[in-house]
Amino acid sequence: MSHKLYTIQEIQAIIHADGVINHPETSIRTLSIDSRKLTDMEHALFFALKGRRNSHDFITDIYESGIRSFVIYDKEFNVSAFPDANFLIVDDTLKALQLLAAYHRSLFTYPVIAITGSNGKTIVKEWLYQLLSPEFTVIRSPKSYNSQIGVPLSVWQMTDEHTLAIIETGISKAGEMEALEKIVKPTIGILTNIGEAHNEGFSSTEEKIEEKLKLFENCGLFIYSPFYLRGYTGTIPGRTQFTWCHHAKADLDVWGDEILENKYQFLRGEFKGGEVQCIIPFTDHASVENAICCWATMLAMDYNPEISDKRLEKLLPVRMRLEMKTGNNNCSVIDDSYSLDISSLTIALDFLRQQNQHVKRTLILSDIPESGVDPANLYEQVARLLENKDLDKLIGVGPMISSNSDLFKIESRFFDSTEDLLQHLNELPFFNETILLKGARAFGFEKISRALTQKVHETVLEINLNALENNLNFYKSLLNPGVKVMAMVKAFSYGSGSFEIANLLQFNKIDYLAVAFADEGVTLRKAGINLPIMVMNADELAFETIIQHKLEPEIYNFRVLENFIDILNQKNIEQYPVHIKIDTGMHRLGFMDNEVDALLDLIHNTDAIEVKSAFSHLVGSEDVSLDDFTDQQISSFATITDKIEKSLGYKFIRHIANTSGISRWKQAQFDMVRLGIGLYGIDNAYQERSPLESVAVLKTSVSQLKNLKAGESVGYNRKGVLSDDGTIATVKIGYADGYDRRLGNGVGQMSINGKIVPVIGNVCMDMCMLNVSGIDVKEGDEVIVFGKDIKIEKVAADIGTIAYELLTGISQRVKRVYFSE
Ligand SMILES: *Cc1c(COP(=O)(O)O)cnc(C)c1O
């Protein structure tokens, strides 16, 4: 698929920029906004967007990676430091990106479908892609790129080889849709539904509807359900409309629905005075609504009802997430085999590159099903993409990629089919590497995934890496400019994993990591983490290891300091970075106020160490009743560190705030903050309406169901007794997994198929039982222990503890699965 090449002067004119053009022959086809995800350097234009991070700070790095064209907003920026680069200077770089996308969109006359609504946008987009692909060469928004930035990047992918665009748009507050309309200029509009999402950004539902409808102002055809516009009195957009509804007058009136074989929904409706029907391979309410929306769209686009029915019956589930699991032979397997096109491949490769635990990176890639595109062109683009992504090995699966094998310059092997690869799997010694699986659905890559990964004890802790990233960004947004972030990854990152989390943090350019013990630091070093790492419990036994792996000890008393200086002297090491712990009230580790003079004497008398930072810890930053004490801690910390700084004559990093210290104590930020549990989505400062996203979901499954009579008992010591006839489910989690025994006998609850059910009887070592009387449940069903419907804070409170203890208590036999959406 060849993208139009723009000259840099053309772009300058389109976005009305001032320019410093040192490289006039540059042509552009790729837009970049993230310094960590660069590709196609020769033809890329980098937009320095205003945001949480000052993107101008990264221009040197980006320049070094080979990019020569930039759009910037800082008029003071020293462009003369880059004598062979192009700089386009504008007031607002986001507006410039949008202008450029709008221009690009205007070059094409084929239909553009725009989708918006509160829920279901991505599913409807993916399903329409499945349904319309036989006739059209479709370009669609990658993943859920639907924001003020995502939409222009989606539209930018249009080329003249496509024949249809499907663009998803999302807004979170009033005033945003107008900008998106100008970029997308849809010819066909779809409103999926109107629900509660993002209500806080609007003064009323009416305002929200009005804002969303702005997208469709210039549409030829607008497809919607009047049900979602109840109470809306404004004008309905679109030159023509197509409506759908349940049991009401509409162009498509769906009046019959019946479930077949427990897994299909049979829908009947009235269309143009006759009866139409279709079968959908889903039965849950949301999927059925989304499928009807697609059905309406096909009918509105004049598809024959029989063809619509045939295609709808074959709809495939949309899985947008990518999972990382532990593989055999110390490999990590990233499984992203649910859809395959260039943009999802790019996203997955960026994820692969972000994970550094193994030096070697392998991609297993199937043929890419892009209809209507010249294959040579397509695989040339793939080869180019792979060149910039630090890949070591490619394994191609399928006839198309195999016949283009000479395009790939890295170590590679090719197989005709998945079966062919599986037969030769033992000849491919996967060892100590990260393997990305990227296969089109028809290739059944789940078979490869199964062959490469360990058998799982079915209780898993799922870690949502996007949520973790969002939480990090949330806390960054609370910081004064220049304040650094140390992430606390002690205790296996609060139970969530070690290098997987540290890699993500390193990728996000965090400043520091902290662990509890030297061993934890060594594990991170071995996994390729090169950030500075502070070790909190550093003592004589660990000093050798600490020095060998360039870890930085916390110095909390004279014994530790003197011992460490001795070892450094023996090794003739000078200026070794250390972190001085001050005790301002925790009374755990650290120098007391009255010890500081002696401490300073010691430091003045040696060249062995350099004070990298001085810090203290708040005892109750989240607790309103302790605010006076916290205030005292902060001011005594300021006084003591002022004194140290004056005496030493050089600056060091000062830090005292933990998670709630960041959210509640602006004056406690000093030079750095130490973010712990907040990363994992938990902060006691936010009781309701937390801005954080939950990161960890603990899941298990039902092993057996039993019907029991009233009065019969369940489990050890007959502690659980049914008061009525009922059903119990035995699930695969017990106290050896970290499910606390105090949660037995009705104290704890879990969720099955959206229903909350109590634990009955005592919790056993590897199992426990739930009372599922009257609930629709089958053996093998998934059970949420905490995370989604059951908040971990509540589970903790039920047994008088805190989320920290539950998270870190989940045993290592519970497999961690990481995913990214
Ligand atoms: C664990 C820890 C933190 C992080 O605390 P959270 O409440 O999880 O943010 C910060 N500083 C020190 C010294 C710690 O031990």
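- Heavy atoms of other residues, nucleotides or ligands lying less than 6.0 angstrom from NZ of K75 number more than 12.
- Side-chain contact check for S663 and D683: at least one donor-acceptor pair (N or O, by modelled atom type) lies under 3.5 Å.
- Between L213 atom CG and F216 atom CZ the span is 7.0 Å, to the nearest 0.5 Å.
- In this view, Q12 satisfies the side chain to side chain donor-acceptor pair (under 3.5 Å) rule with no residue, not counting sequence neighbours.
- Evaluated for a ring-ring contact (aromatic ring centres under 6.0 Å, His included) with F87, the options F46, Y73, F70, F47 yield exactly one hit, F70.
- In plain terms, the two heavy atoms of F351 and S820 that are nearest each other are CE1-CB, 3.7 Å.
- A salt bridge (charged side-chain N to carboxylate O under 4.0 Å, His left out) with D350 is found for one member of K143, K37, R36, K389 and no other, namely K389.
- Ion pairing between K438 and D336 holds under the 4.0 Å rule for side-chain N and carboxylate O.
- Annotation for K484: atom NZ does not count as buried by contact number, only 12 or fewer foreign heavy atoms lying within 6.0 Å.
- Within a 6.0 Å radius of CD in Q9, other residues, nucleotides and ligands contribute more than 12 heavy atoms.
- Across L132, T122, V318, I166, a single residue satisfies side-chain contact (heavy atoms from CB on, under 4.5 Å) together with W127, and that is V318.
- Using a cut-off of 4.0 Å between Lys/Arg side-chain N and Asp/Glu carboxylate O, E211 and K214 are scored as salt-bridged.
- The aromatic rings of W156 and H104 sit tilted relative to each other, their planes meeting at an angle between 30° and 60°.
- You'll find the side chain of H43 stays beyond 4.5 Å of the side chain of I28, heavy atoms only.
- The nearest pair of heavy atoms linking L675 to I662 is CD1-CD1, 3.9 Å.
- For the residue pair H23 / S69, no side-chain donor-acceptor distance below 3.5 Å is found, with atom types taken as modelled.
- Considering only residues two or more places apart in sequence or on other chains, K125 meets the salt bridge (Lys or Arg N to Asp or Glu O under 4.0 Å) condition with E168.
- In this structure, N119 contributes its side chain and N193 its backbone to no donor-acceptor pair below 3.5 Å.
- In Y145, the OH atom is not crowded: 12 or fewer heavy atoms of neighbouring residues, nucleotides or ligands sit closer than 6.0 Å.
- Using a distance-only test at 3.5 Å, with no hydrogens or angles considered, no donor-acceptor pair links the side chain of S80 to the main chain of N78.
- Summarising the geometry of Y110 relative to L164, their closest heavy-atom pair is CD1-N, 3.6 Å, with the distance given to 0.1 Å.
- In E178, the CD atom is not crowded: 12 or fewer heavy atoms of neighbouring residues, nucleotides or ligands sit closer than 6.0 Å.
- In this structure, S154 contributes its side chain and S141 its backbone to no donor-acceptor pair below 3.5 Å.
- Of the possible donor and acceptor atoms, none in the side chain of T187 sits under 3.5 Å from a partner among the backbone N and O of P111.
- When all heavy atoms are compared, the tightest approach of T659 to Y475 is CG2-OH, 3.3 Å.
- Side chain of Q148 to main chain of E176: a donor-acceptor pair is present (N/O by atom type, distance under 3.5 Å, no hydrogens or angles).
- With respect to the salt-bridge test (charged N to carboxylate O, under 4.0 angstrom), the residues E126 and R140 qualify.
- Taking every heavy atom of both residues into account, I510 and A487 meet most closely at CD1-CB, 3.7 Å.
- Each of I11, L88, L31 was compared with V71 under the side-chain contact (heavy atoms from CB on, under 4.5 Å) criterion, and only L88 meets it.
- K95 NZ: 12 or fewer foreign heavy atoms inside a 6.0 Å radius.
- Counting heavy atoms of neighbouring residues, nucleotides and ligands inside a 6.0 Å radius, atom CG of D91 does not exceed 12 of them.
- Counting only heavy atoms from C-beta outward, the side chains of L215 and L191 never approach each other to under 4.5 Å.
- One finds a salt bridge joining R68 and D84 here, because a Lys/Arg side-chain nitrogen approaches an Asp/Glu carboxylate oxygen to under 4.0 Å.
- When the options N480, L479, L478 are evaluated for a side-chain contact (heavy atoms from CB on, under 4.5 Å) with K666, the one that passes is N480.
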